[in-house]
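First the structure, in the form of structure tokens, and then the observations on it.
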Amino acid sequence: MLKGKSLIDPMDFSKEELEEIFALADKIIENPREYAHAADGKILATLFYEPSTRTRFSFEAAMLRLGGKVIGFSEPNSTSVSKGETIADTIRIVSCYADIVAMRHPKEGAPKIASMYSEIPVINAGDGGHQHPTQTLTDLLTISKIKGKLSNLTIGMCGDLKFGRTVHSLIKALSRYENNKIILISPDELKVPDYIKKGILDKNNIEYEEVKRIEDVIESLDVLYMTRVQKERFFNEEDYIRLKDSYILDKNKLSKAKDDMIILHPLPRVNEISYDIDSDKRACYFKQAKFGMYVRMALMAKLMGVL
Amino acid sequence: MLKGKSLIDPMDFSKEELEEIFALADKIIENPREYAHAADGKILATLFYEPSTRTRFSFEAAMLRLGGKVIGFSEPNSTSVSKGETIADTIRIVSCYADIVAMRHPKEGAPKIASMYSEIPVINAGDGGHQHPTQTLTDLLTISKIKGKLSNLTIGMCGDLKFGRTVHSLIKALSRYENNKIILISPDELKVPDYIKKGILDKNNIEYEEVKRIEDVIESLDVLYMTRVQKERFFNEEDYIRLKDSYILDKNKLSKAKDDMIILHPLPRVNEISYDIDSDKRACYFKQAKFGMYVRMALMAKLMGVL
Amino acid sequence: MLKGKSLIDPMDFSKEELEEIFALADKIIENPREYAHAADGKILATLFYEPSTRTRFSFEAAMLRLGGKVIGFSEPNSTSVSKGETIADTIRIVSCYADIVAMRHPKEGAPKIASMYSEIPVINAGDGGHQHPTQTLTDLLTISKIKGKLSNLTIGMCGDLKFGRTVHSLIKALSRYENNKIILISPDELKVPDYIKKGILDKNNIEYEEVKRIEDVIESLDVLYMTRVQKERFFNEEDYIRLKDSYILDKNKLSKAKDDMIILHPLPRVNEISYDIDSDKRACYFKQAKFGMYVRMALMAKLMGVL
């Protein structure tokens, strides 16, 4: 039973609970009109203590497409935080007005605290560099929908694997499924931290490999998950210039990939995927954004208990 | 008939008109689903020239829960004010788009001016330190709902009674009901101004008393209305340190109160009510926030003439 | 067929397409309730990269009055632009969530680029000093509704005719109708540019005249279209002081006008129309704002293909 629960950490739900959400998302994708009034009379509060237009739009469109309505703010300065109110008080008041909350906050743990005092479900829409569980749900649904499975896959993750929270969460999530192989593609400076390698991959007996160049491994991949590589994360300019091209996906590198490999990206991209790849059938990142809306529809419907 | 009227000052409506609003609020609280389409097709414009998330959420949730919709802004800089347009012109244009307006403005009197030029009802959602009539409606409905009456009560008001507009409005409003006794609890620096004492309390033969410490009077109270005491309002640091604890409600002070006393607060609170009181059944300030939404539903429905 | 089209330039649509929109607007004005669910389940995204409350309200109220819903932002800083995303990527993601977009952007051409990458109709809600096509539609509908025709009219345009994009667009639009005479009323510094006079008026054999004072021509006008004259546009203070009164419409100047002349203004006004004219039956600028909402309802319904 998901009704009444909050979603703070991508691992909060069991595989079975995720299956329940994905199954509903699947039905909504098949026949969205049938769900256009599922949340009639319900209100989502989007509490965005830092701006994130894309994520906010996804939540709001999801609620509206279920027939619900939205109140919210998208900037910290339009809130009562400046008057010294605690998160605990804020969420209790919002609980008076809304039926579910999506909270984005620059401080790690803020949505967790909110969920402890809330009378309604709280969804973590990103807390600092910490967690962004609906992105993980989006990633899993997208892989599952397009590849037809979440196991027996070779998944490349490319870019900033040190600070990228979406990558860490996706590794954790995939480690619950069988027989996946994970290829970690990054410069030395941006490798996956040890607590992920030892604490998650080794502990769950997940096969993995660390490499430095997309071109060396792309032919083996079923999924290529791209992320941004930010210049300021490198120790020196020289390394950055030497390495950066290895983390940009272009037509040349893509030419070696399997015909049914899929390219994902949490977006926004800056230049790490060339624009001429957008029309390639393997480019699934905009489709992924759409699945993000559907999975949020399913998630909110389940947490509110309306479906 | 409330249809078409504006609400600018808490005393704009007669006791009978307030009764009409409270009676409707009561019905909505009993059976909210029955009113979920009362304002179908109607639009509320929230014109917030200064941010006040809590008040805005309350109005917006109220309209949405009546089946209506919302347009608005929550910050002054996103408006046309910077282009030099008058309030009169702004409200006439908004009258083209919306069916009712809730206006928050840092300048006293701005909502009054708006109501003079508007073709649709204008509700003052707070104008500077001046008026905030829907807070008064909220306070009255809360007392009436929980205590079952608005007369024959001993009501303590504690904190900054000099600048607190909610306190002044509540005193005015309560002075229309019979046989109430008002206990004013504040430091000398923050006592209720003479124009309230002479112009309202004395004039209406309301019994009242001025004291300096909660603990001296709490046992006699039916209602304790708490407000914030801001350090910067004191003349000197010494006085503040000496006095501040007398204006913080804690378990110890509360232990002397009647079993059915209710604690109200317009919120946000900072530290004037200890958090460990929140679970006490006498703590009614979050319930009060919820009543605030219901009374705004009733108010808007009446002013739009849909109920 | 307008379904699926974007509106970027006021001249994008043929006269016949405009007629189709105006005919629908007409029906909506006659019986708005009949259209209250025409866009049920549809979502408008208002992407306002610069604030324009009036235009945003008009679009949002239009969508809500068709039964649709709205997501959006009203300020550039709450967007993902700061993360370096292109307009092309932004619009492709918004295409996942919404059914139609209204975009306001400080840079000329931004809505055009958006429309090239969008999977849903894009409406230019103003791009810098460039185009503002829904204002032109508003102006045309207003003239057509009140005067009963868009031809055989003598139309005065007054104020800043050099930089005023609404005036340029209206000239272009009116040049497609027969037998209109256009009177251009402005100081030398703010005359209509040559590319409009030669490229539009002369080319289409439109009779026109350039004058400096409202009072010299007002008696001949069927329509007087007022715009703001900004002090900073003058070359020197002396000229400004000498000329400014000629561009302020007051009761005295209006006394010479025909009884059925109509006064329009794209709003906001500052002081170029005296407030004591507002109650004159010839003052149609607030009515114009209302028609602006109706024409946007018709436009969006046609572009989404729901009517």
Side-chain angles (χ1 to χ4, degrees), chain B residues 37-51 53 56 60 63-64 66-105 113-114 116-120 122 304 306, chain C residues 32-38 40 44 46 48-70 72-78 104 138 228 230-231 265-273 275 278-279 283 285-294 296-297:
Chain B
H37 293 286
D40 267 4
K42 299 293 182 188
I43 293 178
L44 164 69
T46 47
L47 310 183
F48 275 55
Y49 290 84
E50 67 176 8
T53 307
R56 184 169 62 82
E60 295 188 2
M63 189 60 169
L64 297 177
L66 285 171
K69 297 178 174 186
V70 178
I71 58 174
F73 57 81
S74 55
E75 297 273 0
N77 53 327
S78 55
T79 71
S80 294
V81 176
S82 51
K83 291 182 186 166
E85 189 177 68
T86 62
I87 289 271
D89 273 19
T90 299
I91 201 74
R92 276 185 286 198
I93 294 166
V94 171
S95 294
C96 297
Y97 306 144
D99 301 288
I100 191 165
V101 165
M103 179 185 281
R104 177 105 175 187
H105 205 289
I113 291 169
M116 290 163 56
Y117 290 92
S118 181
E119 291 172 33
I120 57 177
V122 174
M304 292 189 296
V306 298
Chain C
R33 278 168 190 277
E34 206 175 294
Y35 299 88
H37 294 286
D40 267 5
L44 163 69
T46 47
F48 275 55
Y49 290 85
E50 67 177 7
S52 177
T53 308
R54 189 177 305 94
T55 302
R56 183 170 62 84
F57 276 14
S58 183
F59 271 104
E60 294 187 2
M63 190 60 170
L64 296 177
R65 292 204 181 280
L66 285 171
K69 297 178 173 186
V70 178
F73 57 81
S74 55
E75 298 274 359
N77 52 327
S78 55
R104 178 104 173 186
T138 299
R228 263 199 298 164
Q230 291 169 280
K231 191 175 174 178
H265 191 300
L267 302 178
R269 75 168 148 185
V270 179
N271 67 345
E272 57 280 5
I273 300 177
Y275 290 95
D278 293 354
S279 54
Y285 27 93
F286 292 117
K287 203 177 278 183
Q288 185 184 5
K290 189 133 200 172
F291 284 139
M293 180 182 73
Y294 288 122
R296 288 179 178 95
M297 290 174 75

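In what follows, chains are A, B, ... by sequence order, proteins preceding strands, each numbered from 1. Quantities reported herein were computed from a predicted structural model and do not represent experimental measurements.
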Nearest-0.5 Å distance that lies between atom [atom1] in [X] and atom [atom2] in [Y]:
X       : Y       : atom1 : atom2 : value
B/Ile71 : C/Arg56 : CD1   : CZ    : 8.0 Å
B/Lys69 : C/Lys69 : NZ    : NZ    : 6.5 Å
C/Phe57 : B/Leu47 : CZ    : CG    : 5.5 Å

With only heavy atoms counted, which part of B/Val70 is less than 4.5 Å from chain C, the side chain, the backbone, both or neither?
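For B/Val70, the contact with chain C is made by the backbone alone.
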In terms of heavy-atom proximity below 4.5 Å to chain C, should B/Ala98 be classed as side chain, backbone, both, or neither?
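Looking at B/Ala98, just its backbone touches chain C.
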For a quick test of reading the model, state the closest non-hydrogen atom pair linking B/Ile43 to C/Leu64 and the distance between them.
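Distance-wise, the nearest heavy atoms are CD1-CB, 3.9 Å.
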Taking all heavy atoms of C/Ala289 and all of B/Ile93, pick out the closest pair and write down the distance.
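Scanning both residues, the minimum pair turns out to be CB-CG2, 4.4 Å.
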Excluding sequence neighbours, so at least two apart, what forms side chain to side chain contact (heavy atoms under 4.5 Å, CB included) with C/Ser58?
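C/Ser58 satisfies side chain to side chain contact (heavy atoms under 4.5 Å, CB included) with B/Tyr97, C/Met293, C/Arg296 once adjacent residues are dropped.
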Under the side chain to side chain contact (heavy atoms under 4.5 Å, CB included) rule, collect the residues that match up with C/Glu50, sequence neighbours excluded.
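Partners of C/Glu50 by the side chain to side chain contact (heavy atoms under 4.5 Å, CB included) criterion, ordered by chain and then number, come out as C/Arg104, C/Pro106.
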Does this structure show an ion pair linking B/Asp89 with C/Arg54, if we count only N-O contacts that are shorter than 4.0 Å?
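A salt bridge is absent here (no side-chain N lies under 4.0 Å from a carboxylate O).
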C/Asn271, part contacting chain B, at a heavy-atom distance under 4.5 Å:
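Neither; nothing under 4.5 Å.
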Is it the side chain or the backbone of C/Tyr275 that comes within 4.5 Å of chain B heavy atoms, both, or neither?
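The answer is the side chain of C/Tyr275.
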Would you say the side-chain atoms of C/Arg269 pair up with the backbone N or O of B/Glu85, donor to acceptor, closer than 3.5 Å?
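Absent.
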Enclosure of C/Phe286 CZ (heavy-atom neighbours >12, cutoff 6.0 Å)
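Yes, the 6.0 Å shell around CZ holds more than 12 heavy atoms from other groups.
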